[in-house]
Every structure is written in structure tokens, then in C-alpha cells.
Asks: 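The structure that follows is given in the form of C-alpha cells.
Nothing here was measured: the structure is a model prediction, and the numbers come from that model.
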Amino acid sequence: MCTLSHHEKAYVSITSGLRELDLRGPSVPSDLVLIGDHAFPLAMNPQGQVLMAASLFGRGRIVVLGHESYLTTLPTLVENALTWLRGDGSENLLVGIHQSCKPVADNISRSVFQAQVLGGFRQDLGVGVYVVDAYSMAPDVKSLVEFLKAGGGLLIAGQAWSWAGQHPKENVLLGFPGNKVSSVAGIYFSEHHGEVDNLPVYPQIPSSWLAVAIGKDFKDDLEFLLQGVSEFDISGGSVASEVLIHGPLSFPIGTTSDGQAFLAGAYYGQGRVIVITHEGFMGRKELAPFWKNALHWLDEGRNGVFGIQPSLGHVMALFSQMGVNCKKSGFSKDLSVYVCTAYSNKHAEEIQQFVAEGGGLLIGGHAWYWAQSHPMKNPMTDCEANHVLNRMGLSLLGSTVKAGCYKAPDPSKDNYHFRHMLRRFASHVTHGEELTADELVCLKKLGVDCANYLKIKAHHCPSYTQVLSTLTEILMKSGMPKVCDKCPAKSPKDHLLLSVGPEVYKVCPNPDALLPYLIKDNQAMPVFYDYRIPIDVNTKSQEWISTGLYLSPGMKTYMAIPAQIVNKGWHECFGSALFTANQSGALSYAAYPGSNSTCFQVQIGCQTDHLHAKELKRAACVHEWFPVTSEMMQVWNLWGGLLYLVAPPKTKVEGAVVMVQMAVPAAYYKSGEYVFNACLLAHGVTTPADWALMRKSPAPWAELEFDNIIFSVPSDAIRDLEHPEKVAALWNRIMSGIADLAAVSHKFPRKERFVADVQISHGWMHAGYPIMMCSSVAPQLLNTENSGCNNIWGFIHELGHNQQRGCWEFSPHTTECTCNLWSVYVHEEVLGINRAKAHPALKPESRVTRLKEYVKGGKDLKSWSVWVALETYLQLQEEFGWGAFKNVFAAYHNMTNIPKDNKGKMNLYTKTFSMAVEKNLCAFFKAWGWPIEAATEEELSKLPPWTNHPMARYNTTALRFTITTPPPPA
């Protein structure tokens, strides 16, 4: 049974006994704007306008009615409101009523309440609830806010559109008398008229996609903030995060050309907020004109003290030069504006109240470093800065913003805003309204923003549930596109739905009801129960443990986890390589967050590639992972997938058993000494009889595991595979060849993996763990006939990539070169295929042509890459044999203090290869244009020189080359 939230209970209490609210008549209410975690609507018209609302602040409660006449025309509602405002368990029946609302006293005279009419608010009278119109509280604002914060109840009624007409130059949100109190609780009277009707009283808090709207036109704010500002210079080495702008009263100030925001503002209560997504930019002189405007905007004319966090010395220096009254200070309530970084949630509640009551907040910092150093956590909920910012309608993201100079926005134009775009898309889906070309472009960003926003998981927050309800309605109206190889998703709308659908499914209250709209034709499959999965691992790096089980789309299962692997190795880690990549702007976020984890995980789905293509043959992300942090956990994946346990690096576990409640059996072949046969619940290698049954397993995915490699392929690829042992024999030989050339053990510390997918992130294949390949080439993996003539080169090429080591790699020249050494070696030494036949690029005439062109071009290393660079290594091999390479690779295994630059590494390689073959190879490498140093030549001068090397055999005028290829091995 569903448990009502605090807000839902409050709504039921306030609307008790009411079936409708007849607001028809002469009274024209204000449309109310709601922000924060606690404000929720009591009455909403068909246009999505909120005409009555309630909220919390501190220990108190508040109800706001959009017109003062409702205090007398809706007596039942008012009495219910007074009951709720009094507070649970309170026996205080004394209600203070401002004299402007005297008829309320007459109406409640027959109730349990004791009314006292007052000329103004008086705390000393001990009232539990105070009733006042929105125009009569000016002298009592501070007292009323303190009364509310301390636990009092406030009932305020009025409209602001009339006041706005009389004060055309005033900011209604801050200037209207009623807003000076109600706004601290996240409720604002707006200048917009509310449409009236006879409104039904719903059993739950009213909701409408029309209510997902921006609460203010920010043109005036942007004009003020951007005076004298034409661009934002965020170039240089500082890497900024993106900020998600999701509140009704938050807005972008600085964005990239593709809409990523790095600078944003917001109204929160009576105060204002500005966020810049790297603290270094707060003290940047190039941004001084903007900061001068921003500080005035935050200070709101108070000329108060700016408290600057002591660590921000560069900010203190710049702001002092501007004549700002600032001091180094921690947070203090007596400041006008607090300036701080985003790296602490200390005083989070106090800072929120400080801003709500009129203070200014300038906060700078990023979240990408945090996100990548906490890969198992959710930046939206766990990052310290977001503990402060989420309520204010702003959230720092783990994604980065590219450095550069960006044009300031035009205040007169409609700039992208999450809520506005979501409302437009909802209108498009539900009412068929056409989207403009610019709006269609924005749908991709909207999909990403929605997915991020849903990760806030603020189910206690009415604003969050409003967005979630809107997205759920969109998905149930439109459905989610069924994409495949033959019907890819091309439109921005389909991309958005594919992005948002899984995230809505994860967080919506009733995912089972939503599932048929997301996954159509979800066929039922036979399941087995109570699987026992033995865990015996001794890992050097992170490793997937296959289970032979599959979960169908949306299928939920419980897993019983032994205590010895719960939180096993749980701690936060951070990869320096990943940090370096981000500092250079190459990466924005780990493609597979679980890849940095140091705890056990459950993973569903073998397709871990994240896609960024314009045309999608599957959703961009189709795997899920769950950290193993409890002994009983429920797991699922909207898209379904093979079930894995993922063991962290440097982990040894023996004799553990994981129990899976239910799952679909998948075809799983294992050759070797020890196997858990998931289908038959038996230990041992897969026999021909086992395989005859298993290859008919209903799951759409299958796995073949051999001595040093595992294939994950669509089941169609193995349905007719009668002799997997032949495939095993071939790939066991190939993997032994891979190990031979690399001079490593024939038993790999972690088996390589190939995963076939309908679409991958780039190319037909790419290296990694796992190696990804397109499904169309999967049959070639399993073809034991004519091996070597069926494009097996590419598979070995990727395996070669996984053998490459930075110590003897010269990026970018050899990135796509030295991996091919393994392709040549395997074809010749394992498959018995001459290199000239292994790949068209290795035909003698092709090699000669490339070499001629390289020499003609002056042997410039800029042209030394891929096949040209491979020629260098082939010439060495043809002279000294494969044994020389094995010795060289073996020598590198134990080396330390490797140079980091290409020049240093090339000289080290020259020395290492020369020592391995006992010849001075300096002349050879210099002939190829390598930057060989005098010290290297001196060091190798005692070795006999290689004078008749291939690069010395040509006539520089005729450019005559002769290349002979060695015969195939016997």
C-alpha cells in the first residue's frame, strides 16, 4: 500500500470534505509561482495556473490564496487550512486576524477556533495562526517571517496583478508586499491574471504539464547583469562544469554555442543567487565588468558587507579593487552577500534560509572532479554543492564545458530554458503543436537535461513530482520508439524519448504500468529459479563474471549476496589518467562509471558503449549497474541484458555463492577446467549434449568462454553452431599467439572479451574491456573455415591494441600501427598465412608505393603513421625475426623511469632493440627520421652497425625499392 508523503497528507487535510472549488465570479486571482522543496498547489485551473498553494518554512506552515475574497467565499477551505496551519498536536486555538480580514473572524466564530482581530501582528499575544491579506503586512514582515520560522501558521490571501499595474517599474517578486513573506516559503504572487472556473478537488495534489513553466521574464535581470558585457572569456586551463537550470525562477546567463550553461542566476525567496562553474572565474579580471553588475544585483542596493570565503584570495583582490565592502569570512547571517566555493555542504540549511530571507549568494566551483572521483555516487544528490543548490533550481553536473570565449546572450530573445522547452515538447506530444526548427534542435539537450534532472530523485518535492508526472504522461501518450538496425531513431523527438524513457522508468511510482508503453512486444520467456552462482576470483583488474543468465526487459529479480563481498573493497578512488584527460578537455565523464569502482557490482547488459550518433540503432545507453552494498538487492534493466557480477581490482574471493531469485537461461558455452553451467546447474566443461540444449535457450544473447577469451553475441549467431569446440580450439591457438608475441603468460590474468552490438560508439570495432564490434561481423568470430580469409585481421588488430603499452608507443604515430604486429604474427605463425595475403595493404607493391611517398616527402615523422610506420617494424622483423620483438617486449616488462615524451621513448626503443639484436640500429632509425640523440649513438657505438639496412638500399634519385616477403612458416 502506498504511503502518503507529508505534502499529500497536508493536501488531503486542507481539502477535506470539498468536492469542488467554485471560483467563478468577479474576483480575478493571481497566478502563483512555486519553487523549492515544499511548496505545492491546492488549486490548479485547466491552464496549469496555481491559484492556491501551501508550503513549509522552518518549523512553520503557510497557505496562500490567490485572491482575498476566497477568505470568505470558501469557508470550509479556510477552516481546514486553519486546522492544518495550527500544526499537528498543537492545542493552541487562538487565531490572530488582521482587521482587513475581519469577516474571517465572523465565519469561524462557530468553529473551535478563537478569533482575535488585530491592527497588526503581535507575537506577544501567543496566536498559533495569523490571517492577513497580501497588502497589509508591510510593517510586520520581519516579525511574520520569524513567527513562521519558529513554528507559526500563516494564511495570506491577495492578488498582485493590480499592484503590478500601479508599480510598472517594480520587481513584483521582490516588491509586492505579500511576497516579502510568502516567498521565503517558495510561494510568489505573480503579476499574471489567473483564469477562474469551477475546479474539481482531486484526491491528490493537482498536476498538469501546463504547470511546468518559467515563473518570470528575466529580460530585466539580464539587461542589468549584461551592461557592458559582450562575451564571457572562460578560456585557459580551468575546466568548468555544466550547470543544469531547472527551477521556475532560475535562468542562464552564460552558455556555450550549443547551450551548455556555465553561469546562471536564480531567485530564491527574497534573495538572489549566482553560480559560476569554476571558482577561478570569480577572480578573473576579464570578467570584471560582469562581476561589478552581478555584485550589485546580489546586494539589491543594500550596500552591505560581502563575506568572502578565506580560500578565495584572488576573488577578494578583484572585488576590493571594485570598491566593494568585503572581508574574508566564513558564513554569517549578518552578511549582505556570501561568496564561497561549491566544495562543502557545511551550513547548507542556514545558507538556504539566509538567501530565502533576502541574502545574496555567489557560489563558484565544478562537479566533474567530484563525479569522476566518486564513480559509484550520484552527483545530483551526493555532490556537496547540490545540497545547497538543488532547492534553488540549479544543479552542478559531472559534464564539462569546453574552454573558450562565448557571446553573451541577447536579453530580448528567448533563450533555452529547461522548463520552457519541456512544456513546449509536452504541448507538441499532447496537442500536436508544431515545434520550430530551433526548438527541434533543442530537443537533444532537453533529453539530456531531463535525464539528469530525474536523478535528483526528490520524490518529496512537489516540483520534482510535477516534472516526473509530465514526462510520464508524455511517454504514455507517445510511447517510446522501437529502434533496431532496420528502423533507427533519427528524429530529435525519438532521441529524446530514448534518453528519457529509462530514467522515468527508474524513478516513477508505478514502473510496471509504464513498461508496456516503453517496451512493446515484450515476450514472456521461461525462467528458472534460485540459481546458485559460485564466486571464486583473484583479480588484478576489474573483471566481469559471467552467470549464463539473462533478464528480460523490465524484469526484476532479487539477489542474495554473501556478506563477504558486500561493500568488498568499498572506498573512493580516482584515476590520475582520467584527471589528466579532463584537464586537457578530452573527456567530460567516464563512459562507463563502474569502470573506476573498487566494490563489487551487479551489471545487466554486455553492451557498455555509450552512443552519440545522430542515427541510433539502439538507445544510447542500454546497460545498468548496481553497487553491491547489501546482502539482499533487487536489480533490473529496462532494456534487459545478460547478468554479470563485476569484481573490483585486486580482489580475492573463494567459496562465495550468490543466489539469483529468477532469471532466463542464456546459451553459455565454457571450455576449460571449471565452469558453472547456468542452464543445468552443474559444474564442469560444457559437453556436446549440454550445448545441444543450451543453444536453444530463449534468451537473445549467448556467450562462449574459452581459455583466454569470451564472446558475447546475439543468440542468432550460435543457433546453428554445432561444434563450438572447434571455435574454442582456433581461438585458444590465436590467444596463445597473442601471448607469445607479447612475451606474457599463456594464461591471461583477465580473459579478453568481445561483445557484438547492433551499433557501437565508433568504427566497426574498438579495443577495450570489452572489445566492441558490430553484430554484422559476429559470425566471422565463429567461422573456423578459411580462418584468415574472412577478415579476422580486424579482431586481432583490436586484441593488439589491448597489448600496446605506453612505454614503447609513440602516440599518435603508432596508435594504429603497432597493434598490427599481432595481426601479422597471428596470421603467419598461427594461421600459416603469408602477410602479403593477410591484408591488401601488405602486398609488396603497396609497401613500395608507401615507402616511395614517405621518402619523397622528406621522411617527415608527421607522415609516419599506420601502414607507413608499420613498414619500419616489418623491416626489423624481416631482418631479425619475431624473436627480437619478443625479447624487446620482455625487456620492457621490468623497466622503470620510462621517458614520457616521444623523443625520449624513441631513443630508449632504439637502445632496447639494438641490445636485443646486438647491433647498432641508430643509422636505421635515423634513416626513418627518428630523432636519435648523440648520447644514444655514443652508447651504442660499441655494437656492430647495421649498415645494409633496407633504408640504405635505395637509389635516392631512382627511388628503387625491392621488398620481399618471407615465405609462410612450415
Side-chain angles (χ1 to χ4, degrees), residues 444 447 451 479-502 505 518-523 525 544 546 550-555 591-592 603-625 637-644 664 666-668 695 697-704 710-721 752-783 790-792 794-795 797-798:
K444 180 178 179 180
M480 193 163 64
K482 184 178 181 180
V483 295
C484 62
D485 189 20
K486 296 180 180 179
C487 52
K490 301 178 181 179
S491 71
K493 175 181 176 180
D494 284 350
H495 278 243
L496 185 153
L497 294 171
L498 285 171
S499 173
V500 170
Y505 179 75
L518 304 180
I519 304 294
K520 300 175 178 64
D521 304 322
N522 193 6
Q523 298 179 353
M525 298 182 190
W544 300 4
S546 297
Y550 171 82
L551 296 184
S552 57
M555 180 180 181
Y592 173 47
Q603 178 177 304
I604 306 169
C606 58
Q607 308 147 276
T608 54
D609 254 6
H610 287 248
L611 306 182
H612 301 282
K614 293 181 180 179
E615 189 172 300
L616 293 176
K617 298 177 181 179
R618 65 150 170 91
C621 177
V622 292
H623 74 280
E624 289 288 348
W625 53 272
N637 181 4
L638 173 64
W639 306 108
L642 291 171
L643 180 67
Y644 301 90
V664 178
Y668 180 74
R695 67 189 172 110
S697 298
W701 285 91
E703 287 199 323
L704 305 172
I710 304 169
F711 300 151
S712 304
V713 297
S715 294
D716 289 346
I718 58 89
R719 296 296 188 208
D720 297 326
L721 181 63
E752 296 278 17
R753 281 184 176 270
F754 272 96
V755 171
D757 197 356
V758 67
Q759 186 177 12
I760 62 177
S761 57
H762 54 275
W764 283 95
M765 298 182 203
H766 67 75
Y769 184 81
I771 297 170
M772 298 298 301
M773 63 182 181
C774 289
S775 300
S776 58
V777 299
Q780 297 169 15
L781 276 176
L782 313 178
N783 184 0
N790 59 356
N791 201 26
I792 203 170
F795 302 123
H797 173 96
E798 303 305 339

Asks: Check step by step if side chain to side chain contact (heavy atoms under 4.5 Å, CB included) holds for F795 and I771.
Replies: CA-CA 9 Å; F795 302 123; I771 297 170; over 6 Å; no
Asks: Using modelled atom types and a 3.5 Å cut-off, is there a donor and acceptor pairing between side-chain atoms of D485 and backbone atoms of K617?
Replies: no
Asks: Rounded to the nearest 0.5 Å, what separation is found between the CG atom of L642 and the OH atom of Y668?
Replies: 10.5 Å
Asks: Of all the heavy-atom pairs spanning Y644 and C606, show the shortest one and how long it is.
Replies: OH-CB, 3.2 Å
Asks: I need the F711 CZ to L782 CG distance, nearest 0.5 Å.
Replies: 7.0 Å
Asks: Short question: side chain of S775, backbone of V758 - any donor-acceptor pair under 3.5 Å?
Replies: yes
Asks: Does the separation of the ring centres of H623 and H610 fall below 6.0 angstrom?
Replies: yes
Asks: Specify the closest pair of heavy atoms between A756 and W701, including all atoms of both residues, with the distance to one decimal.
Replies: O-CH2, 2.9 Å
Asks: Donor-acceptor check, side chain of R719 to backbone of L721, threshold 3.5 angstrom: yes or no?
Replies: no
Asks: So does P553 get a backbone contact from the side chain of N522, meaning a donor-acceptor N/O pair under 3.5 Å?
Replies: yes
Asks: Has the side chain of R618 got a donor or acceptor atom that lies under 3.5 Å from a matching backbone atom of D757?
Replies: no
Asks: Nearest 0.5 Å please: distance from the CD atom of Q607 over to the OG atom of S761.
Replies: 12.5 Å
Asks: Calculate, to the nearest 0.5 Å, the distance between atoms CG and NE2 belonging to D609 and H762 respectively.
Replies: 7.5 Å
Asks: How far apart are the closest heavy atoms of P698 and V664, and which atoms are they?
Replies: CG-CG1, 3.8 Å
Asks: Go through L616 and V483 one step at a time and tell me if the side chain to side chain contact (heavy atoms under 4.5 Å, CB included) criterion holds.
Replies: CA-CA 7 Å; L616 293 176; V483 295; 5.7 Å; no
Asks: For P481, does its backbone N or O pair with a side-chain atom of D494 as donor and acceptor, under 3.5 Å?
Replies: no
Asks: What's the separation between atom CD in E624 and atom CG in L551, rounded to the nearest 0.5 Å?
Replies: 11.5 Å
Asks: Kindly determine whether C487 and K482 satisfy side chain to side chain contact (heavy atoms under 4.5 Å, CB included), including the steps that lead there.
Replies: CA-CA 8 Å; C487 52; K482 184 178 181 180; 5.6 Å; no
Asks: Answer whether the closest heavy-atom distance between the side chains of W544 and P770 falls below 4.5 Å.
Replies: yes
Asks: Work out which heavy atom in H495 is nearest to a heavy atom in A613; give both atom names and the distance.
Replies: CE1-O, 3.2 Å
Asks: When you measure from the side chain of E798 to the backbone of A767, do you find a donor-acceptor pair of N or O atoms at a distance under 3.5 Å?
Replies: yes
Asks: Hey, what do you get for CG (L643) to CE (M555), rounding to the nearest 0.5 Å?
Replies: 10.0 Å
Asks: Which heavy atom of V500 sits nearest a heavy atom of G447, and at what distance?
Replies: CG2-O, 3.8 Å
Asks: Apply side chain to side chain contact (heavy atoms under 4.5 Å, CB included) to the pair I760 and C774, showing each step before the final yes or no.
Replies: CA-CA 7 Å; I760 62 177; C774 289; 4.2 Å; yes
Asks: Is the side chain of Y505 donor-acceptor paired with the backbone N or O of G554 at a distance under 3.5 Å, no angle test?
Replies: yes
Asks: Step through the shown structure and confirm whether more than 12 heavy atoms of other residues, nucleotides or ligands are within 6.0 Å of NZ on K444.
Replies: no
Asks: Quick check: closest heavy atoms across G479 and K520, and the distance to 0.1 Å?
Replies: CA-NZ, 3.8 Å
